[in-house]
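Heads up, the thing below is written out as structure tokens.
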Amino acid sequence: MLPAPASAPARVPTSTFAAPAVRLLLINPRFPESFWSFRWALRRVLPGKRAVNPPLGLATLAALSPPHWEITIVDENIESVPLEPRADIVGVCGMAVQHPRQRELLGYYRRRGHLAVAGGSYASLCPERFADLADVVIAGEAEHIWPEFCRDYERAGWRRLYQETGVVDLEDSPTPRFDLLDLRRYTNVSLQFSRGCPYRCEFCDIVVMFGRRPRTKPTEQVGRELDALRTAGVRNVFFVDDNLIGHRAKAKALLRYLAEYQRRHGYRFQFGTEASLNLAEDWELLRLFREANFAWVFIGIESPDEKSLRETGKTQNTRGDILESVRRIYHHGIDVFGGFIVGFDSDTTATFGNQYRFIRASGIQVAMVGLLTALPRTPLYARLEREGRLLAATQESDNTRPGTNIAPLRMSYEDMVEGYQALYRRLLEDRCIADRIREKSGHLRRPVYRAEYPRRERLRVVARFLRHGVLPGGPVRWWHFLRTLGTALPRVWPQIISDWIAGLSLQDYAARRFGTRATRELGMARTALETICRRCADCLRRGTLSVSVKRTEASAHLTLTLRGAVDEPFFGDVARLLERVLRGSAVTLSLRIEGVAGGQRELLRRCLRRLACHGDRVYIRVSEHLRPALGIDSSVFNVALD
Ligand code: SF4
């Protein structure tokens with residue numbers, strides 16, 4: 001554990017009122033790309049959008065901070081982190097998937113003399129892992145412990161660890177500082193009504209963090225937050241509650257309030273949320289969801305196999321026919337996004353076929369399948385630890401293939417990973433995307449009101465979708481696209497196009513992530529290397545450029561190191577060549593910039609602009625003295641800070 005209260009180090013300011021306002025920088029680290037990123041849709045189809053959800057937790061933290069503090073929020077998913085911020089405190093939050101980047105950022109700012117504060121769900125689950133990474137750790141719900149830290153900081157007597165050991169009354173949670181976020185860059189804006197869930201799914205960390213007694217905000221408080229979002233011009237709101245219907249009576253009160261709010265304000269908002277499947281058991285609840293204009297709900301279905309559901313404690317999904325439940329929700333005009341898991345103890349290689357058949361029949365387009373993962377402090381983690389079935393963390397950090405930290409019981413680890421990838425490949429074939437759309441169209445009723453982009457923007461989205469999505473797919477995709485439109489009324493077409501955008505986004509990610517063309521791609525990377533060697537022979541001889549290629553499990557990795565002036569073709573032909581390789585393959589690229597001639601900096605910046613479209617697969621390491629001059633955007637590229 002972290003040490004007990006520590007005395008303040010010399011760099012902490014010692015005065016309170018006489019000192020200038022404390023400057024606080026809050027950072028949401030870049031997420032590694034995943035199915036949830038919808039990167040293709042954001043880059044190719046939705047103009048101006050950079051990420052799906054803003055960092056609500058940081059906006060809440062900002063609202064909990066003293067009003068006289070100067071606060072900046074940087075979301076690295078939409079903008080670059082500042083390399084030399086004017087900040088006394090740098091707070092970096094993060095979920096488990098953000099941990100590598102969170103660690104890197106904490107180290108970077110700490111070395112520069114800022115007070116580095118770690119927070120977020122991962123620090124809450126395992127604060128001991130941050131003992132050497134941050135000066136201060138905020139573990140647990142922040143409503144009381146964050147103001148306590150702020151007071152202590154002003155008194156120059158902060159501790160190393162602030163841990164919430166009880167539960168927080170959500171009435172104490174203020175309206176988030178939405179004004180500190182650039183909300184136009186997100187497809188949705190997040191809001192929270194409740195915390196906690198009454199169920200006991202073995203793998204779930206929500207109940208570990210927030211308990212099993214759902215706590216809620218008063219409806220008027222939600223109304224105030226909606227007012228703030230309405231003023232900011234927001235239309236799509238995501239209630240981030242892990243289970244909005246955890247407390248049914250209170251959920252119904254909220255929904256009645258929201259329906260009334262929507263009527264008063266001309267159905268300004270389109271809502272989405274997460275809920276348990278038993279939503280489908282309660283007709284009144286469904287009716288209220290519809291009246292409040294919930295357009296979609298994410299449901300952890302996990303598995304169509306009852307044995308697996310019972311084994312993992314998800315008994316609320318075993319009370320009725322799951323397919324029937326999904327269709328009942330569709331019937332109320334609410335789309336269903338589904339979470340699925342493979343790797344339960346009862347799962348065998350036959351499970352993949354069962355999952356495929358169920359997902360196809362349900363028409364669920366946003367079907368997020370994951371490998372069972374044991375998170376620290378969950379009952380699953382404890383059980384697998386006892387059984388000696390936890391694998392080393394190397395499985396989690398291997399980014400060339402999907403992996404997890406558990407050893408399955410009734411199939412080999414390799415079979416599980418192969419089966420998982422094959423399942424995604426089948427689901428994301430054009431034919432299966434189209435089949436699911438047709439399946440769903442037969443059941444999904446129109447919502448009460450569909451909040452849409454303004455007409456001009458809608459036309460732009462459709463034009464981009466046709467140009468970047470449908471046309472490049474060739475005759476097979478044209479045929480499948482047309483057969484989804486052919487049997488539907490034109491008023492259903494916007495939903496069909498949304499589903500295609502979601503499906504193609506997931507397909508794009510899977511094609512790069514689960515590549516099976518490693519040999520071909522290694523060949524492409526080698527050809528690129530030979531071309532670079534021919535075009536830049538002089539600087540290779542001088543040693544101002546070096547290049548190498550290595551095979552990875554799924555593809556190949558090219559590394560280029562710049563140490564000074566390079567031959568002119570590097571910025572023209574070579575940049576175009578690299579762009580072509582990245583566009584047509586899953587090849588990844590490392591660019592190490594140790595030196596660049598003064599006159600070539602602008603050329604290098606232009607070259608990076610060419611590669612920005614594929615920034616997720618470009619890893620950049622820049623010498624410290626060049627960082628300010630090149631100003632590389634860490635929300636576009638993977639920029640190393642150590
Ligand atoms: S229903 Fe969802 S939030 Fe609740 S315990 Fe199960 S997985 Fe967790």
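In each ligand, atom 1 is the first atom listed, and ligand 1 is the first ligand listed. Numbering starts at 1 and runs along the sequence shown.
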Only one of Tyr424, Phe337, Phe340 passes ring pair (Phe, Tyr, Trp, His ring centres under 6.0 Å) with Phe35, and that residue is Tyr424
Mind counting the protein N, O or S atoms sitting less than 2.8 Å from atom 4 (Fe) of ligand 1?
1
Heavy-atom nearest neighbour of atom 2 (Fe) of ligand 1 within options Lys314, Glu274, Arg212, Glu202
Lys314
Against Phe271, only a single residue in Tyr261, Phe193, Phe238, Phe239 fulfils ring pair (Phe, Tyr, Trp, His ring centres under 6.0 Å); can you say which?
Phe239
Determine, for Asp227 against Arg268, whether the closest basic-nitrogen to carboxylate-oxygen distance falls under 4.0 angstrom.
no
Please determine which of Glu143, Glu171, Glu141 meets the salt bridge (Lys or Arg N to Asp or Glu O under 4.0 Å) test together with Arg215.
Glu141
Counting only heavy atoms not in Met95, do more than 12 fall under 6.0 Å of its CE?
no
Are more than 12 heavy atoms from other residues, nucleotides or ligands located less than 6.0 Å from atom CZ of Arg213?
no
Considering non-hydrogen atoms of the protein only, which is the closest contact for atom 1 (S) of ligand 1, and what is the distance?
Gln316 NE2, 3.3 Å
Backbone N or O of Gly119 within a donor-acceptor pair of the Gln102 side chain at under 3.5 Å?
yes
